Amino acid sequence: SALLIISGVCNLMFKAVSTFNSLHIIFFPPQSHHASRTLLYKKTFVESFEETPLLVAVLTYMGYGILTIFGYLRDFLRDWKLEKCHLAREREEQKDFVPLYQDFENFYTRNLYMRIRDNWNRPIRSVPGAKMDLVERVTPDYNWTFEHTGKVLKDVINMGSYNYLGFAENTGTCADTASECTEKYGVGVCSTRQELGNIDKHEELEKLAARFLGVESSMVFGMGFATNSMNIPALMEKGCLILSDELNHASLVLGARLSGATIRVFKHNNMQSLEKLLRDAMVHGQPRTHRPWKKILILVEGIYSMEGSIVRLPEIIALKKKYKAYLYLDEAHSIGALGPRGRGVVDYFGLDPCDVDIMMGTFTKSFGAAGGYIGGKKELVDYLRLHSHSAVYATSMSPPITQQIITSMKCIMGEDGTTLGQERLCQLSENTTYFRRRLHEMGFIIYGNNDSPVVPLMLYMPAKIGAFGREMLKRNIGTVVVGFPATPIIESRARFCVSAAHTREMLDTVIVTFHLTILNFCAISQLHVIKSELRDINLQLRVIKSI
């Protein structure tokens with residue numbers, strides 16, 4: 001950890017020499033020297049990312065350095081039994097065995113994560129809608145354990161759930177149909193799809209999902225994470241090449257590793273980096289033998305949930321066609337949240353779904369349910385029905401969850417006889433534009449695409465992570481704060497998810513609360529400055545008196 005901090009500081013000093021100011025990077029459709037690619041976009045494509053200011057970055061590294069030093073000091077006290085450690089550690093009699101726990105991960109958990117653990121895993125006792133009820137808890141031992149007080153924090157504005165279209169509700173058509181389905185089918189089928197776990201609701205959903213996506217066929221799974229991690233190994237093997245975006249989700253990374261294929265990573269949304277890897281793969285082939293790769297698969301996401309960025313899909317499809325590769329698109333966050341018809345990033349760019357070989361997505365966000373899907377050509381889906389571990393070994397999707405997805409998807413498609421789905425899509429787009437615009441106007445540094453409902457607001461310093469989450473909750477707003485290792489060490493942030501269920505008044509309340517919270521931070525820091533100045537003045541007066 002000390003080497004990490006030293007290398008980071010050295011890197012920052014190099015940046016200070018090579019750059020004069022922090023950069024504000026905006027991606028537009030490529031201009032002049034890439035004029036042919038400009039034609040791929042039917043609308044302006046804008047994404048903003050700002051380099052971490054040099055002073056902030058140095059102070060952030062210093063903050064982590066101080067925490068690390070105190071962490072080693074506390075570990076020293078624990079070794080001498082002067083301080084109690086509640087975390088699992090290797091027993092003395094197991095010291096000659098292969099360690100069960102990784103030393104640095106345990107160190108980070110003990111000494112850094114525990115300081116701000118109260119910001120996560122908060123229990124709720126309501127649906128995760130626009131507002132929610134949180135169970136109050138306190139900690140007697142600095143976040144090692146928690147005790148419930150019996151009180152409930154009512155009507156907390158929910159800015160953390162992926163409830164993009166507001167279908168996470170316990171009243172209305174979705175709830176009614178799911179309840180009826182439970183009475184008819186029960187809550188589970190207790191078997192796999194290949195045995196006794198296939199019911200008519202599963203087949204109805206798969207046909208509906210195929211129509212919704214505009215593909216020949218689709219298959220649904222009971223778990224979104226397993227949709228990636230268990231299906232990629234069924235499609236790729238040794239002798240294949242996977243080109244993965246550096247910010248891909250853990251489920252994609254795990255699936256790629258389990259496949260046994262060679263994995264190469266390209267820079268986030270960087271088409272030059274991707275094309276270089278594709279060209280090298282074509283020229284050099286496999287290592288040592290230089291035989292052609294059996295298959296080349298490009299792994300990308302629609303919306304990246306930590307950055308709020310949208311994949312540059314038109315350019316990726318063009319590269320995929322140019323180099324005869326396959327494309328795997330994870331639309332976990334974009335399906336239902338992007339596009340005039342809510343059909344995801346393909347709909348957003350006005351592209352042909354047939355240009356994406358494997359369309360994957362989850363039902364856990366926009367549909368207010370659980371599980372995932374794979375869509376594509378019929379031959380692909382038929383192959384997965386026989387070879388996917390999720391189909392062979394995993395329990396089938398719960399019937400009431402299946403019905404929830406069917407009802408919400410028909411609502412989005414307008415097949416329920418109402419305009420509710422289209423109204424929610426429009427409301428989400430309006431809320432996203434308004435929320436991002438107001439934050440920009442107030443001077444906050446936010447990342448991502450202007451049309452992305454995922455809005456990361458930069459905090460940078462580790463001390464701000466816990467303080468921001470706690471201060472917002474005091475003001476009845478629930479937020480998600482994220483830090484290292486989920487983000488780069490100098491890019492800690494708060495992540496907000498905009499929903500169609502949010503009203504303009506709610507968003508205004510959140511924005512005003514942001515402002516008050518930041519002013520409160522500034523007032524506290526100014527107070528510390530004033531106190532230090534008063535101490536200096538008193539010291540000078542004492543010196544004068546002594547003279």
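Each residue takes its place number in the sequence, starting with 1. Here the structure is a predicted model, which is why all the values come from computation and not from measurement. Both backbone and side-chain heavy atoms feed into the values below; hydrogens, waters and symmetry mates do not.
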When every non-hydrogen atom of L459 is compared with those of K464, the smallest separation belongs to O-CD, 3.3 Å
| request: Would you confirm whether S499, through its side chain, and N163, through its main-chain N or O, come within 3.5 Å as a donor-acceptor pair? | output: yes
Salt-bridge criterion met for K207 and E203 (N-O under 4.0 Å):
no
Problem set entry | Heavy-atom donor-acceptor pair, D133 side chain to D155 backbone, under 3.5 Å | yes
Residues M132 and G478: closest non-hydrogen pair is CE-CA, 4.3 Å
Checking R122 side chain against R137 main chain: does a donor-acceptor pair fall under 3.5 Å?
no
ask   = Aromatic rings F45 and F349: how do their planes relate, parallel, tilted or perpendicular, breaks at 30° and 60°?
value = tilted
Under a 3.5 Å distance rule, please check whether T418 uses its side chain to pair with a backbone N or O of G414 as donor and acceptor. no
query = Are the charged groups of E307 and R493 less than 4.0 angstrom apart, N to O?
reply = yes
When N269, V345, V454 are each screened for side chain to side chain contact (heavy atoms under 4.5 Å, CB included) with I310, the one that passes is V345
Under 3.5 Å donor-acceptor, E491 side chain and F484 backbone: no
dist L243:CG -> R264:CZ (nearest 0.5 Å) comes out at 8.0 Å
Are side-chain N/O atoms of E206 and Y373 paired as donor and acceptor at under 3.5 Å? no
Can any side-chain N or O of D245 pair as donor or acceptor with the backbone N or O of V300 at less than 3.5 Å? no
With a 3.5 Å cut-off and no angle check, do the side chains of Q404 and S408 form a donor-acceptor pair?
no
Show, in sequence, the C-alpha distance, side-chain angles and deciding distance for I232 and I242, and conclude whether the side-chain contact (heavy atoms from CB on, under 4.5 Å) test is met.
CA-CA 10 Å; I232 294 175; I242 294 176; 4.2 Å; yes
Legend entry - S259 (side chain) donor-acceptor with M236 (main chain) under 3.5 angstrom: no
Kindly check if the number of other-residue, nucleotide or ligand heavy atoms within 6.0 Å of CZ (R470) is above 12? yes
Between the CG atom in L40 and the CD1 atom in I316, the distance rounded to the nearest 0.5 Å is 11.5 Å
Salt bridge present between R438 and D508 (N-O < 4.0 angstrom): yes
(Q) Just by distance, no angles: are the side chains of T433 and N431 close enough, under 3.5 Å, to form a donor-acceptor pair? (A) no
In terms of heavy-atom contacts, L384 and A391 come closest through O-CB, 4.0 Å
Salt bridge (Lys or Arg N to Asp or Glu O under 4.0 Å) pairs touching residues 407-427, sequence neighbours excluded, are E169-R424, E204-K410, R211-E415
(Q) Under a 3.5 Å cutoff, is there a donor and acceptor pairing between the side chains of S309 and E47? (A) no
Rounding to 0.5 Å, atoms OH (Y162) and NE2 (H333) come to a distance of 4.5 Å
Exercise for the section: Mark yes when over 12 heavy atoms from residues, nucleotides or ligands other than Y326 sit less than 6.0 Å from its OH; otherwise mark no. Expected result: no
Closest non-hydrogen contact found for I335 with F367 is CG2-CE1, 4.0 Å
The complete set of ring-ring contact (aromatic ring centres under 6.0 Å, His included) pairs with one or both residues in residues 163-204, sequence neighbours excluded, reads none
Taken to the nearest 0.5 Å, the spacing of I374 CD1 from M219 CE works out to 9.5 Å
When rounded to the nearest 0.5 Å, the distance separating OG of S366 from CD of E331 is 10.0 Å
Would you say the side-chain atoms of R117 pair up with the backbone N or O of T109, donor to acceptor, closer than 3.5 Å? no
Next item on the list: Could you tell me whether the side chains of T419 and Q422 share a donor-acceptor contact shorter than 3.5 Å?
Entry: no
All heavy atoms of G186 vs all of P400, minimum pair found to be O-CD, 3.4 Å
Angle between ring planes, Y447 versus F49, binned at 30° and 60°: parallel, tilted or perpendicular? perpendicular
Minimal heavy-atom distance between P399 and V189, with the atoms involved, is CG-CG1, 4.0 Å
Could you walk me through whether K320 and D355 satisfy the salt bridge (charged side-chain N to carboxylate O under 4.0 Å, His left out) test, starting with their C-alpha distance in whole Å, then the side-chain angles of each, then the deciding distance to 0.1 Å, before giving a yes or no? CA-CA 9 Å; K320 165 229 161 185; D355 288 334; 5.3 Å; no
- Task: Might you work through the side-chain contact (heavy atoms from CB on, under 4.5 Å) test for V138 and F146, ending with a clear yes or no?
- Result: CA-CA 6 Å; V138 294; F146 294 98; over 6 Å; no
Does the side-chain contact (heavy atoms from CB on, under 4.5 Å) test come out yes or no for T139 and D118, once each step is laid out?
CA-CA 8 Å; T139 175; D118 57 305; 5.7 Å; no
**Side chain E246, main chain H268, donor-acceptor under 3.5 Å** = yes
Rounded to the nearest 0.5 Å, the CG atom of D357 sits from the OH atom of Y328 at a distance of 12.0 Å
Open item on the list: Using side-chain contact (heavy atoms from CB on, under 4.5 Å), reason through Y348 and L313 one step at a time and then give a plain yes or no.
Closed with: CA-CA 10 Å; Y348 174 78; L313 192 59; over 6 Å; no
